[in-house]
Q: 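The following block contains the structure, expressed as structure tokens.
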Amino acid sequence: MKDIEVEELKERLDKEEQFVFLDVREVYEYEDDNLGAKNIPLAQLPNKLSEIEIHKDDEIIVHCRSGARSGNAKQYLESQGFTKVRNVLGGILAYRELEEE
């Protein structure tokens, strides 16, 4: 699936649209600042797949700090049969920058 720009993500969050929202940053990063997504650090994703297995065919939007870890998470999830995974381009850094405009 096509990745998602922060502008579209913000619009969808503002409208409270339904999708699975995943933050793959470390717990300390999540505690410092988050967008309300479910936090599963990238390194723990293989062990926590059962928590999101039910969403294999649902849209999953994954983010991290800058888009690199979430890009890896997207590839991993797709390799595990998840069909609608989207990476937030630029991550939370780009999202917060957008909010400042």
Side-chain angles (χ1 to χ4, degrees):
M1 260 192 98
K2 189 172 174 288
D3 290 335
I4 185 169
E5 301 279 347
V6 290
E7 292 83 2
E8 182 185 344
L9 175 62
K10 181 170 181 358
E11 191 176 293
R12 294 188 61 189
L13 288 173
D14 289 348
K15 289 180 182 172
E16 298 181 10
E17 287 186 22
Q18 293 301 304
F19 53 86
V20 179
F21 195 23
L22 198 56
D23 184 331
V24 294
R25 297 175 303 149
E26 295 300 318
V27 172
Y28 72 90
E29 293 174 286
Y30 182 85
E31 289 173 349
D32 186 48
D33 183 23
N34 70 74
L35 301 175
K38 178 176 181 61
N39 182 223
I40 301 178
L42 181 60
Q44 295 176 22
L45 197 52
N47 301 326
K48 302 247 182 173
L49 265 189
S50 61
E51 294 182 22
I52 58 171
E53 192 78 31
I54 172 175
H55 299 293
K56 264 203 164 152
D57 295 316
D58 298 335
E59 181 181 20
I60 300 176
I61 297 178
V62 189
H63 87 88
C64 64
R65 181 175 169 271
S66 65
R69 282 175 281 180
S70 50
N72 289 335
K74 174 185 175 179
Q75 287 180 333
Y76 176 73
L77 289 171
E78 287 175 339
S79 78
Q80 299 302 305
F82 289 80
T83 59
K84 299 177 184 168
V85 186
R86 302 178 75 188
N87 178 25
V88 177
L89 300 173
I92 196 169
L93 290 179
Y95 189 91
R96 293 301 185 211
E97 204 172 282
L98 173 69
E99 288 184 323
E100 291 172 10
E101 289 178 7

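Positions are given from 1 along the sequence.
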Q: Once rounded to the nearest 0.5 Å, what's the spacing between atom CD of Gln18 and atom CD of Glu16?
A: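 Between atom CD of Gln18 and atom CD of Glu16 there are 8.5 Å.
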Q: Calculate, to the nearest 0.5 Å, the distance between atoms CG and OG belonging to Leu93 and Ser66 respectively.
A: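 Interatomic distance, Leu93 CG to Ser66 OG, rounded to 0.5 Å: 6.5 Å.
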Q: What I want to find out is whether Lys15 reaches Glu11 closely enough, with some N-O distance under 4.0 Å, to be called a salt bridge.
A: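 Glu11 and Lys15: salt-bridged.
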Q: For a 4.5 angstrom cut-off between non-hydrogen side-chain atoms, does Glu97 reach Val6?
A: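 Of all side-chain heavy-atom pairs linking Val6 with Glu97, none is under 4.5 Å.
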Q: Looking at every heavy atom in both Asn39 and Arg25, which two are closest together, and how far apart are they?
A: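 Minimum heavy-atom separation between Asn39 and Arg25: ND2-O, 3.0 Å.
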Q: Which atoms form the tightest heavy-atom contact between Arg69 and Glu26, and what is the distance?
A: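 Closest pair (atom of Arg69, atom of Glu26, distance): NH1-N, 3.9 Å.
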Q: In terms of hydrophobic clustering (I, L, V, M, F, W, Y; side-chain heavy atoms under 4.5 Å; direct or indirect links), are Ile60 and Leu9 co-clustered?
A: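 No; Leu9 is not reachable from Ile60 via cluster members.
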Q: If you take all heavy atoms of Tyr76 and Leu49, which pair is closest and at what distance?
A: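 Of all heavy-atom pairs spanning Tyr76 and Leu49, the closest is OH-CD1, 3.6 Å.
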Q: Looking only at heavy atoms, which two atoms of Leu89 and Ala94 are closest? And how far apart?
A: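 Closest heavy-atom pair between Leu89 and Ala94: O-CB, 4.0 Å.
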Q: In Å and rounded to the nearest 0.5 Å, what is the CD to OH distance from Glu100 to Tyr95?
A: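 Result: 12.5 Å between the selected atoms.
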Q: Indicate yes or no for a side-chain donor-acceptor contact from Lys84 to the backbone of Asp57 under 3.5 Å, with no hydrogens or angles considered.
A: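 Side chain of Lys84 to backbone of Asp57, a donor-acceptor pair under 3.5 Å: yes, one is there.
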Q: Check whether any side-chain heavy atom of Met1 sits under 4.5 Å from a side-chain heavy atom of Val85, and report yes or no.
A: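 A side-chain contact under 4.5 Å is absent here.
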Q: Tell me whether Arg96 is salt-bridged to Glu99, with the criterion being a basic N under 4.0 Å from an acidic carboxylate O.
A: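 So Arg96 pairs with Glu99 through a salt bridge.
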Q: Enter the distance from Gln80:CD to Lys56:NZ here, rounded to the nearest 0.5 Å.
A: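 The NZ atom of Lys56 is 7.0 Å from CD of Gln80, to the nearest 0.5 Å.
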Q: Do you know the tightest heavy-atom contact between Phe19 and Arg12?
A: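 Between these two residues, the closest heavy atoms are CD2-NH2, 3.6 Å.
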Q: Ignoring hydrogens, what is the shortest heavy-atom contact between Arg86 and Asp3? Give both atom names and the distance.
A: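 Heavy atoms only, the tightest pair is NH2-O, 3.4 Å.
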Q: Which one of Leu22, Thr83, Val20 satisfies the side chain to side chain contact (heavy atoms under 4.5 Å, CB included) criterion with His55?
A: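 Looking at Leu22, Thr83, Val20, the match for His55 under the side chain to side chain contact (heavy atoms under 4.5 Å, CB included) is Val20.
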Q: Can you tell if the side chain of Ile40 reaches within under 4.5 Å of the side chain of Ile52, non-hydrogen atoms only?
A: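 Yes - at least one pair of side-chain heavy atoms lies under 4.5 Å apart.
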Q: Please round to the nearest 0.5 Å and tell me the distance separating atom CD1 of Ile61 and atom CD of Glu17.
A: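 If I round to the nearest 0.5 Å, the distance is 8.5 Å.
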Q: Can you check whether Leu35 reaches Asp23 side chain to side chain, under 4.5 Å on heavy atoms?
A: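 In short, these two side chains do not touch, never coming nearer than 4.5 Å.
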Q: Tell me whether Lys48 contacts the main-chain N or O of Pro41 through its side chain, where contact means a donor paired with an acceptor under 3.5 Å.
A: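 Pair absent, no side-chain N/O of Lys48 close to backbone of Pro41.
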Q: With a 4.5 Å limit on heavy-atom distance, are the side chains of Asn72 and Val24 in contact?
A: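 Answer no - side chains too far apart.
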Q: Do Leu42 and Val88 belong together in a cluster built from hydrophobic side chains that touch within less than 4.5 Å?
A: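 Not linked; separate clusters.
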Q: When you group the ILVMFWY residues by side-chain heavy-atom contacts below 4.5 Å and let the links chain together, are Val27 and Phe21 in the same group?
A: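 Not linked; separate clusters.
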Q: Are Lys74 and Phe82 side-chain neighbours, meaning at least one heavy-atom pair lies under 4.5 Å?
A: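 No, every pair of side-chain atoms sits at 4.5 Å or beyond.
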